[in-house]
Protein chains: 2
Amino acid sequence: MRTLSPIEQEERKRRLLQAVIHQFIKTGKPVGSAFIAGGRALDLSPATIRNVMGELEREGYLTHPHTSAGRVPTDKAYRFYVDSLVDLQRLAIKEEERIRQEHESKIREIEELMQSTSKTLSVLSNYTGFVTAPGIDQSRLQHMELIPLDERRLLAVMVSDTGVVKHRQVIFDGRYPRELLEPLERTLNERLRGHPFSRVRESLLDHIEAIHKRQMDMLEFARHVTEEAFAPGDVGEIYLEGTGNILSLPEFSGQDDLRQLVHLLDERRALGDLIREDLDLPGSAVRFPAVRVKIGAENRSPDLKNVSLISSCYTIGNRQVGVLGIIGPKRMEYSRMMNLVNQMAQAVTSALNRMVGGPNE
Amino acid sequence: MRTLSPIEQEERKRRLLQAVIHQFIKTGKPVGSAFIAGGRALDLSPATIRNVMGELEREGYLTHPHTSAGRVPTDKAYRFYVDSLVDLQRLAIKEEERIRQEHESKIREIEELMQSTSKTLSVLSNYTGFVTAPGIDQSRLQHMELIPLDERRLLAVMVSDTGVVKHRQVIFDGRYPRELLEPLERTLNERLRGHPFSRVRESLLDHIEAIHKRQMDMLEFARHVTEEAFAPGDVGEIYLEGTGNILSLPEFSGQDDLRQLVHLLDERRALGDLIREDLDLPGSAVRFPAVRVKIGAENRSPDLKNVSLISSCYTIGNRQVGVLGIIGPKRMEYSRMMNLVNQMAQAVTSALNRMVGGPNE
DNA sequence: ATTAGCACTCAAGCCATTCGAGTGCTAAAA
DNA sequence: TTTTAGCACTCGAATGGCTTGAGTGCTAAT
């Protein structure tokens with residue numbers, strides 16, 4: 001038998017690990033040495049394979065559920081697997097068409113876009129799809145309008161350059177000066193257009209004294225409207241679809257973890273925060289422009305320790321305004337899913353930019 | 001032994017049935033004859049109780065999971081139980097306070113109200129709580145505003161008398177006549193105020209010819225805006241909370257039914273339709289003003305065949321504008337839950353009327 | 001009409017057993 | 001020196017028998 005160089009040995013180990021992971025992803029059952037030997041990836045006897053598997057186990061890539069079961073990949077193994085994916089381009093072309101067809105139609109409003117996107121992600125992946133709506137924090141005020149409701153309340157409607165419309169009631173203790181409505185509206189629009197939402201309130205309140213010293217009424221009026229209309233509070237919504245798909249996964253029949261997970265999915269707010277956290281962080285996977293993969297314990301929340309999360313950002317101009325992706329079991333077809341998420345991110349980006357009138361940074 | 005009159009017999013049977021149901025609701029386990037005999041509801045031997053139980057089974061009120069297990073109530077039994085509930089007033093007082101506290105705070109916008117309501121329902125019941133937002137169909141247009149976005153698009157913002165704000169983009173193939181914006185806005189507001197949303201579109205399109213014969217531009221402009229802004233399509237939202245609670249119920253460990261159920265809860269749209277269907281139907285339970293109880297198969301959807309649904313309407317003026325309630329297992333504490341739902345319906349009604357400025361029919 | 005008594009049923013829990021998939025080690029083969 | 005065959009061993013899962021006990025239904029006595 002020819003002696004192998006250390007490098008060849010390493011290579012062989014890698015291939016073996018990949019084979020194990022691949023197989024486990026397909027079947028979800030622990031992989032035994034005999035099976036791998038039967039395949040044509042490696043031409044070795046089960047015994048040898050066992051030896052190598054033993055090494056891989058000592059290095060932390062595989063585990064045993066119990067003494068005499070096959071090997072199961074650890075998070076570390078998945079990490080390795082994802083990092084070394086190369087066969088993406090081939091899949092990309094075939095699937096691209098399908099994604100477009102599923103998604104392209106009848107999208108005119110942001111909300112439709114979001115819904116359609118999470119739905120598409122869920123249907124094509126068979127897992128849970130999510131999108132965070134363009135956060136108000138990432139966008140700038142384009143226009144605002146004040147609509148009188150009655151003598152004590154008015155409605156502030158704010159349109160952002162990302163196409164999101166927000167409205168909020170402004171309630172006064174007494175009557176508000178109706179005749180000042182229009183001047184205020186004009187002033188606000190002049191002053192605030194193009195300001196990022198996140199800072200509009202502070203900057204305006206700071207400078208408000210300068211607006212119209214001559215009229216105390218106006219001052220107080222403006223202050224109250226600004227304060228209320230731009231009160232911080234709501235982060236963008238999150239659209240989730242296919243929560244139920246998680247239930248069908250065999251690995252979650254042990255109910256305890258499942259319950260926690262479903263609970264998290266139920267608490268949309270918490271999940272949204274969790275996902276948004278990633279928005280500006282650099283991705284862990286490098287191959288794709290901006291597709292990120294978080295495996296099990298790599299996720300911040302312990303409730304996500306049994307799943308993987310594949311996500312990507314979509315942009316307006318070149319601002320990242322939202323995140324989309326899927327939540328699935330650790331053993332998923334990463335390459336296909338990463339491609340899917342990537343495609344969707346591009347699709348949403350382009351749809352969005354078309355909607356708000358092209359990249360106008 | 002004294003002979004019982006047929007009427008006394010019936011009465012005894014009723015009491016027995018109630019005892020069985022009550023017990024089953026408490027424990028969730030089949031109830032045996034011995035247990036009932038041990039309690040102080042009836043002073044009979046297990047044997048007699050078995051006989052009566054046998055009758056009740058033949059009449060369809062009880063079943064056997066298998067030959068030698070205790071009895072389990074059928075849907076029909078629950079129906080009987082719910083219809084004969086009388087001990088509600090007592091509970092009402094104690095719990096009222098708790099509900100108010102949980103719910104009363106910081107509610108100013110409709111959306112907050114909805115969220116807080118479904119949350120409260122879920123927390124207090126430990127099941128799944130839901131509210132349908134005031135449907136646009138039940139409400140009337142109070143005011144609308146047209147906000148220019150760019151030269152091809154404008155935003156129609158519509159405020160209903162139920163306090164709901166809706167907005168929609170109106171897109172034109174070419175430019176729209178900007179100078180007609182204000183006149184159109186004025187006309188629309190004059191013509192449409194107070195019209196029910198459900199008919200605003202048709203009635204306006206019918207009469208549109210009469211508006212401004214003199215100006216073709218205006219005509220076309222108005223037609224397009226109306227058509228788009230009031231296009232039918234979205235029914236009110238549904239707020240769901242506590243979906244996860246369903247998972248914790250022991251009766252749903254048999255996963256198959258569960259999966260269907262979770263799937264339904266996931267499809268908010270479908271669920272919303274289902275719930276709204278009931279809006280105008282007369283209730284089955286008579287004791288409460290408008291608390292309805294649907295048990296298992298009484299529900300329209302087969303996915304709900306293993307749960308019960310307790311709901312009530314909330315109103316503005318005296319229009320029923322939305323539904324709220326809880327979804328729980330068949331064996332729930334109906335009296336407490338019906339009370340809860342009833343309280344919440346009243347709370348929401350009063351909050352809502354306060355918000356839109358009192359019942360102004 | 002009620003009840004005590006008894007035979008019967010059936011699910012559930014509890015072994016003990018078997019089976020087989022898979023391992024780890026050792027010694028032989030290449 | 002590396003690979004492989006062989007073998008003993010381990011452990012989970014499936015199987016089947018056995019027991020237990022809760023609960024019934026019937027019959028005969030009260």
Side-chain angles (χ1 to χ4, degrees), chain A residues 1-13 15-17 19-20 23-24 27-39 41-59 61-74 250-251 253-254, chain B residues 1-13 15-17 19-20 23-24 27-39 41-59 61-74 250-251 253-254:
Chain A
M1 228 31 16
R2 193 172 73 73
T3 298
L4 289 180
S5 74
I7 291 167
E8 285 172 313
Q9 279 215 25
E10 275 302 304
E11 172 57 23
R12 187 178 68 178
K13 200 150 58 166
R15 300 238 324 236
L16 174 56
L17 181 53
V20 172
Q23 181 58 21
F24 185 76
T27 65
K29 280 197 266 289
V31 183
S33 57
F35 183 93
I36 299 293
L42 289 299
D43 195 17
L44 294 171
S45 78
T48 316
I49 290 177
R50 277 202 290 282
N51 287 334
V52 184
M53 276 175 161
E55 280 178 62
L56 283 167
E57 183 160 359
R58 258 163 275 128
E59 293 169 25
Y61 288 100
L62 297 175
T63 9
H64 264 163
H66 54 86
T67 319
S68 141
R71 298 311 212 285
V72 167
T74 61
E251 43 261 84
S253 37
Chain B
M1 217 75 331
R2 195 172 72 73
T3 301
L4 289 180
S5 73
I7 290 167
E8 283 171 314
Q9 279 216 25
E10 274 303 302
E11 171 57 22
R12 187 179 67 180
K13 198 151 54 168
R15 298 236 328 236
L16 173 57
L17 180 54
V20 172
Q23 183 57 22
F24 185 77
T27 65
K29 279 198 265 292
V31 183
S33 57
F35 183 93
I36 298 292
L42 289 298
D43 195 16
L44 294 171
S45 78
T48 315
I49 290 177
R50 278 203 289 283
N51 286 334
V52 184
M53 276 173 159
E55 279 178 63
L56 282 167
E57 182 160 0
R58 258 163 275 130
E59 292 169 27
Y61 288 101
L62 297 175
T63 9
H64 264 161
H66 54 87
T67 320
S68 140
R71 297 313 212 284
V72 167
T74 61
E251 41 260 84
S253 37

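To find a chain, count down the sequence lines: A is the first, B the second, and so on, and within it residues start at 1.
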Length of the line joining [X]:[atom1] and [N]:[atom2], which is rounded to integer Å:
X	N	atom1	atom2	value
E10(B)	dA1(C)	CD	P	14 Å
L44(B)	dA4(C)	CG	P	11 Å
K29(A)	dG20(C)	NZ	P	17 Å

According to side-chain hydrogen bond (donor to acceptor under 3.5 Å, both in side chains), who are the partners of T48(B), at least two apart in sequence or on a separate chain?
S45(B)
Charged N to carboxylate O under 4.0 angstrom, K13(B) versus E10(B)?
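A salt bridge is present here (some side-chain N lies under 4.0 Å from a carboxylate O).
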Sequence neighbours excluded and cut-off under 3.5 Å, please list the side-chain donor-acceptor pairs for residues 27-35 of chain A, or say none.
residue : atom : partner : partner atom : Å
T27(A)  : OG1  : Q23(A)  : O            : 3.3
T27(A)  : OG1  : K29(A)  : N            : 3.1
S33(A)  : OG   : R50(A)  : NH1          : 3.3

Looking only at side-chain N and O atoms, does T48(B) come under 4.0 Å of OP1 or OP2 in dT2(C)?
no
Between CZ on residue R71(B) and CD on residue E57(B), distance to nearest 0.5 Å:
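It is 4.5 Å, given to the nearest 0.5 Å.
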How would nucleotides 12-30 of chain D be written as a contact map, 5' to 3', with B for base contact, S for sugar-phosphate-only contact and - for no contact, using protein heavy atoms under 4.0 Å?
S---------BBBB-----
Looking only at heavy atoms, what is the nearest atom pair of L62(A) and P73(A), with distance?
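Minimum heavy-atom contact is CD2-CA, 3.9 Å.
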Of the non-hydrogen atoms in N51(B) and R58(B), which two are nearest, and what is the gap between them?
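Closest heavy-atom pair between N51(B) and R58(B): O-NH2, 4.5 Å.
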